[in-house]
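For reference, the structure is listed below as structure tokens.
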Amino acid sequence: MADLSRIGERDKLKPRSGNEPHWHRLRQGVYLGYRPSRKKVGGIWFARFYDAEANRNARKRLGDYGTLSGHDVFKQAKADAEAWAETVETGGERAREMETVKDACEAYLEQKPGSIAEGVFRRHVYSDPIAKVKLDKLRRHHLKAWRKRLEQAPALVTRTKEAERKRMKERSKSTVNRDMVPLRAALGMVLKPGAPNTDAAWQEALRPFKGADKRRELYLDRDERKKMIDASCDEAKPFVKALCVLPLRPGALAGLKVRDFDKRTRALTVGKDKNGNPRQLTMPQMIAEFFETQVTDKLPTASLFARTSGEAWNKDAWKHPIKDAVEAAGLPRAASAYTLRHSVITDLIRARLPILTVAQLSGTSVAMIEKHYGHLVRDDAEEALASIAI
């Protein structure tokens, strides 16, 4: 465990997987945490308290203490952590923490560290007037106004390498739906739904657009996926190949650790995914051998698919290598990391694997598989009936 009181030791700390802070024990059940920044000097401080009665940890983000330096930072963070822990012990946690919409979002991130919600909150909530609205004053009209601003905000298509120029497009309904999910989840943790059709029904303003999520149509066959693997740079090639052979979300694949793969049983445990429920995949020998090469000489806590720097892949990191590979392989420009997942799922359905099994492998629901891939099953059923026609 790190000694955060020592400036030299603190400065040597590296960001941990999942954005988990480094912890320093203050007293039994009370810890001070520090998460070093990936982009600048310094970092964010946290407090953690173990509630024995509830049998769970409570955590609070303290901030970066930008106006302080040296030993003063630790002293202030320590004092704030201890004061907060006393507040929790006396039952005053909610009154002190949960005042505004921003507080609810930060509390949500404490429960879901490293989730995509952090980026959504940073871009669309913290700098918006909604962030300062008191939770007990929050009404439907506040969120309707926020939603309108979200719909009008342009969506980033890509950030070009030259001078970091941005290319934007009009935000689609499906994008709006995705960006509303984290805020709806954060508020749902601390607020009860209001009475229907009243201004207190805050949840009604965040209802998703119906029919906005279109079925993915772009499909790459096995030969095209092989071209994409071959065209990928050496750094990205293992990551791209894994996307081409397993029906995993890119984020779930990037979150895998070496310890998640058991060479003896050829079992892969996928723990960090959209649905939050861990699942196991038993892989055929050929794929298992590929995974064995990825875990060789790596520590159990290391990223299974790491960049040359040792860091895990993320959306900003894999975006450009995949686009470059798509262009080099002469594939449709719209192809992306998610196109590979869609293509693998399509092949599994075409191989007549039961829908339930496909849903379990890909970490989604049967309903979603039927919604997006049911037409393939119907086509196969038509062929089967044709084969027995008299």
Side-chain angles (χ1 to χ4, degrees), residues 19 21 29-30 33 44-66 76-77 79-153 176-209 276:
N19 284 331
V30 180
I44 305 297
W45 294 82
F46 296 83
R48 192 179 81 194
F49 172 75
Y50 176 69
D51 187 342
E53 292 185 4
N55 191 28
R56 69 177 182 87
N57 283 307
R59 188 156 73 171
K60 178 176 175 64
R61 179 189 174 108
L62 300 176
D64 60 5
Y65 297 100
Q76 187 61 55
D80 290 346
E82 291 175 336
W84 172 76
E86 290 179 7
T87 303
V88 177
E89 287 179 298
T90 57
E93 176 186 5
R94 179 183 172 89
R96 178 169 178 173
E97 275 196 85
M98 301 294 184
E99 293 183 358
T100 65
V101 170
K102 183 178 181 181
D103 292 334
C105 293
E106 291 180 341
Y108 178 79
L109 291 179
E110 290 168 10
Q111 300 296 321
K112 305 282 187 179
S115 71
I116 60 173
E118 185 171 3
V120 175
F121 292 154
R122 186 177 62 252
R123 293 189 297 271
H124 303 299
V125 177
Y126 293 159
S127 60
D128 189 272
I130 194 72
K132 297 180 180 179
V133 177
K134 302 285 186 181
L135 290 171
D136 58 356
K137 303 292 184 182
L138 185 66
R139 297 294 181 266
R140 184 172 58 180
H141 71 270
H142 291 123
L143 290 166
K144 287 180 69 175
W146 173 79
R147 177 174 179 156
K148 185 175 181 179
R149 291 190 291 272
L150 178 66
E151 293 173 9
Q152 294 174 344
V176 172
N177 283 351
R178 286 193 296 271
D179 287 343
M180 288 193 299
V181 168
L183 182 57
R184 188 165 62 239
L187 295 177
M189 288 180 62
V190 298
L191 294 177
K192 293 182 179 179
N197 300 317
T198 68
D199 199 37
W202 59 269
Q203 72 281 358
E204 293 181 353
L206 299 180
R207 284 179 178 168
F209 287 111

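By convention here, the first residue in the shown sequence is residue 1.
Nearest heavy-atom pair, Trp202 versus Pro193, reported as atom, atom and distance to 0.1 Å: NE1-CA, 3.9 Å. Counting all heavy atoms, side chain and backbone alike, Ala117 lies closest to Pro182 at CB-CB, 3.6 Å. Among all heavy-atom pairs drawn from Pro196 and Ala201, the shortest one is CA-CB, 4.4 Å. Residue Phe121 comes nearest to Ala186 through the heavy atom pair CZ-CB, 4.0 Å, listed as atom of the first residue, atom of the second, then distance. Here the closest non-hydrogen pair linking Val125 and Cys105 is CG1-SG, 3.9 Å. Closest heavy-atom contact between Ala47 and Trp84: CB-CE3, 3.5 Å.
In this structure the side chain of Phe46 never reaches within 4.5 angstrom of the side chain of Leu62, judged on heavy atoms. Counting heavy atoms from C-beta on, the side chains of Leu135 and Leu187 come closer than 4.5 Å.
Annotation: salt bridge (Lys or Arg N to Asp or Glu O under 4.0 Å) contacts of Arg147 (sequence neighbours excluded): Glu151. The side-chain contact (heavy atoms from CB on, under 4.5 Å) search around Ala85 returns Arg27, Val30, Phe49, not counting sequence neighbours. Annotation: side-chain contact (heavy atoms from CB on, under 4.5 Å) contacts of Ala205 (sequence neighbours excluded): Arg140, Leu143, Lys144. Taking Glu106 as the reference, Arg61, Lys102, Asp103, Tyr126 meet the side-chain contact (heavy atoms from CB on, under 4.5 Å) condition, with sequence neighbours excluded. With sequence neighbours excluded, the residues that form a salt bridge (Lys or Arg N to Asp or Glu O under 4.0 Å) with Lys134 are Glu99. Applying the side-chain hydrogen bond (donor to acceptor under 3.5 Å, both in side chains) rule to Arg149 yields the partners Asp128; only residues at least two apart in sequence or on another chain are considered.
Rounding to the nearest 0.5 Å gives a distance of 10.0 Å between NZ of Lys132 and OG1 of Thr100. Rounding to the nearest 0.5 Å gives a distance of 9.5 Å between CG of Asn177 and CG of Leu150. To the nearest 0.5 Å, the span separating CG on Leu138 from CH2 on Trp146 amounts to 11.5 Å.
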Pair Val101, Leu183 - check side chain to side chain contact (heavy atoms under 4.5 Å, CB included), show working.
CA-CA 9 Å; Val101 170; Leu183 182 57; 3.9 Å; yes

I would like to know whether Glu204 and Asn197 meet side chain to side chain contact (heavy atoms under 4.5 Å, CB included); could you show each step before the answer?
CA-CA 8 Å; Glu204 293 181 353; Asn197 300 317; 4.0 Å; yes

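For residues 179-199, the pairs satisfying salt bridge (Lys or Arg N to Asp or Glu O under 4.0 Å) are Arg171-Asp179, with sequence neighbours left out.
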